[in-house]
Engineer: 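Quick one: the structure is below, questions incoming.
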Amino acid sequence: MPEWSTEGARQMGETDAQTSPVRTAAARVADMDAGAVVQVAGWVHRVRELGQVSFVVLRDRSGFVQIVYEGAAPVTSETVVRIQGLTAANEKAPGGMEVRAQETEVLGPAALDAPIPVAADPDGIGIETLLDHRILSLRMPKIRAMFQLQSEIVRLFAEYLRAQDFTEVKTSKLIGSGTEGGTGLFEVDYFGERVFLAQSPQFYKQAMVASGLERVFEIGAAYRAEKHDTPRHLNEYVSLDVEMGFIDGIDDLMDLELGILQHIFAGVKDGVAATALEQYGASVPDADALSRTPRIDYEEAKAIASERTGKRLFDLNPEAERVLCDWAEAEHGIEAVFVTGFPRKKRPFYTWPDGRQTASFDLLFRGLEITTGGKRIHDYDMLVGELPKFGMKPEDLGDYLSIFRYGCPPHGGFAIGLERLTQKILGLENVKAASLFPRDRKRVRP
RNA sequence: GGGGGCGUGGUGGAGAUGGUUACCACGCCGGCCUGUCAAGCCGGAGGUCGCGGGUUCAAAUCCCGUCGCUCCCGCCA
């Protein structure tokens with residue numbers, strides 16, 4: 001692990017200038033001249049006492065710096081301190097520069113009975129233990145790096161879409177009726193009335209297309225009250241949602257998604273996200289490879305998966321998702337594949353029908369479904385006509401139908417699971433690791 | 001919801017044909033040490049072996065139940 005990388009320094013000195021004129025980022029000390037008075041502040045990452053001299057590794061958001069004390073160190077692990085001292089060049093110091101402490105102020109003492117070692121490698125600790133002690137495990141540099149990368153994903157996603165004239169929206173997560181799918185909704189007591197947590201911003205983002213914005217995206221929580229308990233499910237996850245008006249078909253949507261992913265993948269190769277990739281030994285596909293992502297029909301996908309697994313598949317199960325990505329890697333040099341034309345039974349009622357199939361798609365990436373999308377029905381009469389096939393009545397849909405009753409363009413969209421994308425970029429075994437405070441079947445804390 | 005595996009000090013593991021003070025590493029406490037960087041050396045504290053019941057002279061070990069974790073499937077992003 002590159003503890004002494006200066007990558008993370010960024011402009012910490014600059015931004016702190018207004019509030020704390022003298023504080024220097026840990027990672028920037030290496031760039032200073034020797035003999036300068038310097039003030040650093042952060043968490044005590046490690047203490048090494050050698051008798052007449054002690055070394056303390058101080059950690060802040062930029063990185064690390066070594067502090068030298070004469071005699072014993074007056075600090076303990078994870079204590080938050082502010083230290084003033086003199087920079088000193090030393091070949092034996094990490095980064096060639098260290099700080100000889102003159103004054104040490106304890107800003108936030110830390111108890112000594114930490115249940116997990118913050119300075120250790122999180123890979124040596126079980127996921128459940130890391131999540132039980134999330135407040136501390138989030139301090140582990142490797143884990144923190146993961147969430148810095150996730151932040152970059154979100155930023156790049158929004159940045160790309162804004163450049164394409166999309167508007168970011170925030171819609172309510174409290175909904176009056178659960179129409180999509182019908183199951184998997186959490187109930188909430190809303191002043192005595194029964195409402196639900198939204199399982200997706202689907203209806204609202206369609207409404208926003210029809211509002212005249214035409215192109216919208218939303219970054220928000222989605223809730224699924226499914227009792228699944230697997231390494232790829234969360235009951236609350238962050239959905240990167242996109243909806244676009246005036247499309248001709250789903251190729252427009254898949255093109256858009258590839259553009260987004262190309263922008264994200266290119267963007268995470270620099271800055272703080274690159275540090276995370278390095279620490280996890282991970283890499284992302286380049287733009288050329290991504291543009292070769294095959295688009296195959298559902299039936300074709302089943303045939304390929306059946307052939308490669310040697311089993312007769314009636315469905316794209318998790319194993320099929322894995323072998324399809326292997327196939328794409330072998331045949332097209334990219335571990336991603338769009339599967340299109342899902343059967344009507346497998347898609348919600350609002351999906352544009354195409355014979356027995358639908359104008360819809362999934363994106364599988366590194367063996368996991370990270371996106372579902374499709375063209376939506378924008379024609380009022382057509383939508384109403386579809387409802388009986390799903391055992392629904394117009395009254396069930398409340399205000400949803402008025403989106404189409406008063407004029408809505410052809411449109412469609414998709415959603416990318418943020419934690420799943422993070423998981424697959426870094427090669428994490430469990431999607432829960434990619435959530436700051438995951439909610440699963442049994443966990444609602446911390 | 002279905003099936004498999006596993007629960008041992010704070011963390012990660014060993015111990016499993018039953019046998020008496022349950023082992024190791026890291027962490028923690030005390031001591032030594034002036035260049036560490038996973039510091040080193042010496043000493044110490046910390047576990048009713050998930051929980052309950054059973055078999056037995058004797059259970060971490062075998063049996064039953066239960067709870068938890070984990071993997072796979074169903075379902076999904």
Engineer: Looking only at side chains, do A:Gln148 and A:Thr275 share a donor and an acceptor under 3.5 Å apart?
Structural biologist: no
Engineer: Checking base pairs now: Watson-Crick or wobble, both atom distances under 3.5 Å. What partners B:rC23?
Structural biologist: B:rG13
Engineer: Can a donor-acceptor pair under 3.5 Å be found between the side-chain atoms of A:Glu98 and the base atoms of B:rG35?
Structural biologist: yes
Engineer: Between B:rG74, B:rU11, B:rC33, which one does the side chain of A:Thr129 approach most closely?
Structural biologist: B:rU11
Engineer: Searching all strands shown, indicate the nucleotide that pairs with B:rG40 (Watson-Crick or G-U wobble; both distances under 3.5 Å).
Structural biologist: B:rC32
Engineer: Of the options B:rC73, B:rU11, B:rA77, whose atoms approach the side-chain atoms of A:Ile116 most closely?
Structural biologist: B:rU11
Engineer: Across the strands shown, which category fits A:Glu70 at heavy-atom distances under 4.0 angstrom: base, sugar-phosphate, nothing?
Structural biologist: nothing
Engineer: Base, sugar-phosphate, or nothing: which does A:Gly71 touch, judged by heavy atoms less than 4.0 Å apart?
Structural biologist: nothing
Engineer: Please confirm whether any donor atom in the side chain of A:Arg443 sits under 3.5 Å from an acceptor in the base of B:rC69, or the reverse.
Structural biologist: no
Engineer: Taking the same atom, C1', in B:rG52 and in B:rG74, what whole-Å distance lies between them?
Structural biologist: 33 Å
Engineer: Is the NZ or CZ atom of A:Lys205 both under 6.0 Å from the centre of the six-membered ring of A:Phe217 and within 45° of that ring's axis?
Structural biologist: no
Engineer: Does any donor-acceptor pair link the side chain of A:Gln66 with the base of B:rU36 at a separation under 3.5 Å?
Structural biologist: yes
Engineer: Closest to the A:Asn430 side chain: B:rC71, B:rA77, B:rG35?
Structural biologist: B:rC71
Engineer: Which part of the nucleic acid, if any, lies within reach of A:Ile127 when heavy atoms closer than 4.0 Å are counted: base, sugar-phosphate only, or nothing?
Structural biologist: sugar-phosphate
Engineer: Please pick, from B:rA77, B:rC28, B:rG35, the nucleotide with the shortest atom-to-atom distance to any side-chain atom of A:Ser77.
Structural biologist: B:rC28
Engineer: Compare the minimum distances between each of B:rU36, B:rC73, B:rA38 and the side chain of A:Glu319, then state the nucleotide with the smallest one.
Structural biologist: B:rC73
Engineer: Which nucleotide in the list B:rC71, B:rG35, B:rU11 gets nearest to the side chain of A:Ile125?
Structural biologist: B:rU11
Engineer: To the side chain of A:Pro231, which of B:rG10, B:rU70, B:rC72 is closest?
Structural biologist: B:rC72
Engineer: Can you check whether any acceptor in the base of B:rG74 is under 3.5 Å from a donor in the side chain of A:Arg232, or vice versa?
Structural biologist: no
Engineer: Suppose we call two aromatic rings close when their centres sit under 6.0 Å apart. Are A:Phe365 and A:Phe265 close by that rule?
Structural biologist: yes
Engineer: Partner lookup for B:rG1, please. Criteria are Watson-Crick or G-U wobble with both distances under 3.5 angstrom; report none if nothing qualifies.
Structural biologist: B:rC73
Engineer: What is the distance, to the nearest angstrom, from the CG atom on A:Asp440 to the C1' atom on B:rC69?
Structural biologist: 11 Å
Engineer: So which nucleotide from B:rU11, B:rU36, B:rA77 ends up closest to the side chain of A:Tyr237?
Structural biologist: B:rA77
Engineer: Between A:Arg194 and A:Glu187 (side chain of the first, backbone of the second, donor and acceptor by atom type, cut-off under 3.5 Å), is there such a pair?
Structural biologist: no
Engineer: Does a donor on one side chain sit under 3.5 Å from an acceptor on the other, for A:Glu226 and A:His233?
Structural biologist: no
Engineer: Using a 4.0 Å heavy-atom cut-off, does A:Arg59 contact any base of the nucleic acid, only the sugar-phosphate backbone, or nothing at all?
Structural biologist: nothing
Engineer: Tell me whether the OP1 or OP2 atom of B:rA77 has a side-chain N or O from A:Thr372 closer than 4.0 Å.
Structural biologist: yes
Engineer: May I ask you to say what A:Pro115 touches in the nucleic acid, namely base, sugar-phosphate or nothing, with a heavy-atom cut-off under 4.0 Å?
Structural biologist: sugar-phosphate
Engineer: Kindly say if A:Arg441 contacts the phosphate of B:rG68, meaning a side-chain N or O under 4.0 Å from OP1 or OP2.
Structural biologist: no
Engineer: Go through B:rU36, B:rA77, B:rC73 for me and flag the one nearest to the A:Pro318 side chain.
Structural biologist: B:rC73
Engineer: Could you work out the separation of B:rC24 and B:rG46 based on their C1' atoms and round it to a whole Å?
Structural biologist: 15 Å
Engineer: How would you label the contact of A:Ala222 with the nucleic acid (heavy atoms, under 4.0 Å): base, sugar-phosphate, or nothing?
Structural biologist: nothing
Engineer: Any idea which of B:rU36, B:rG35, B:rG10 is nearest the A:Pro94 side chain?
Structural biologist: B:rU36
Engineer: Taking A:Asp362 as the fixed residue, which of A:Arg347, A:Arg295, A:Lys346 is the one that meets the salt bridge (charged side-chain N to carboxylate O under 4.0 Å, His left out) rule?
Structural biologist: A:Arg347
